[in-house]
Asker: 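Before we start, here is the structure in question, set down as structure tokens.
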Amino acid sequence: MNLSEIIRESRRIVFFGGAGVSTESNIPDFRSDNGIYQEKRYRFSPETMLSHSFFSRYPEEFYEFYFDKMIYPDAKPNPAHYALAKLEEQGKLTAVITQNIDGLHQAAGSKNVLELHGSVLRNRCMTCGKQHSLEQMLAQKGTVPRCSCGGILKPEVVLYEEALDQSVMEEAVWHIRHADCMIVGGTSLAVYPAAGLIRYFRGKHLVLINKTATGYDEDATLIIREPIGKVLGEVVNE
Ligand code: ZN
């Protein structure tokens, strides 16, 4: 079966996406060769600078890197985002589970988006708990963003050394368990524990859309090695 046929016969599709979904919106991939992990300009590695302890000890350096490399306020959804929103609107797709933090699925119209690593769009005051938008953060670019109460703001993004949100994980597992089709895109499925979610899938069709091989290729009903925006855009517009 091709992807169109699989989507046509499926009733409960779950999409699981990684950085490759956002690279087509010109947001660099964390781990690819030209991604931000190759960044040499900073004194510390990105893994170090994106850790909880680094944020606590060196908020100035954290925010310099964060605003420089983690925020892409001009990024727009690509055809993959719009195709998934359309499948949800048609009642075929029950959830988008994403490792991305850019909010582009919601910008494209998706409603049920489970963000395993949080979102740059939500920022909380560490003192009073008040929520702040990305715009409020950007207005303080070049400094450590603070709340009107004086407290330091922290993005609701899962940093290294921090646990994933357990309720989001449980909801993701529920949707995967109840899906008849799981489409995995833009991830090599290498990062634990998010990648382990695929083990919960018991449905009929596992579709992998990724430019390189993954550790789950032999379990897949269909493997597609083309850009995900092109693949999903064409199928949904048929
Ligand atoms: Zn506050």
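Ligands are counted one by one from 1 in listed order, and the atoms in each one are counted from 1 as well. Note: hydrogens, waters and symmetry copies are ignored here, and every other heavy atom, side chains too, is used.
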Asker: Would you give the length of the straight line joining atom CG of Leu159 to atom OG of Ser56, rounded to the nearest 0.5 angstrom?
Answerer: 8.5 Å
Asker: For Phe55 together with Phe62, are the ring centres under 6.0 Å from each other?
Answerer: yes
Asker: Below 2.8 Å of the Zn ion (ligand 1), tally up the protein N/O/S atoms for me.
Answerer: 4
Asker: Does the pair Lys230/Glu24 count as a salt bridge with the N-to-O cut at 4.0 Å?
Answerer: no
Asker: Under the side chain to side chain contact (heavy atoms under 4.5 Å, CB included) rule, collect the residues that match up with Val235, sequence neighbours excluded.
Answerer: Leu3, Ser4, Ile7
Asker: Salt bridge or not for Lys141 and Glu64, using N-O below 4.0 Å?
Answerer: no
Asker: For Phe65 and Tyr42, take the angle between the two ring planes, folded into 0 to 90°, and tell me which bin it lands in: parallel under 30, tilted 30 to 60, perpendicular over 60.
Answerer: perpendicular
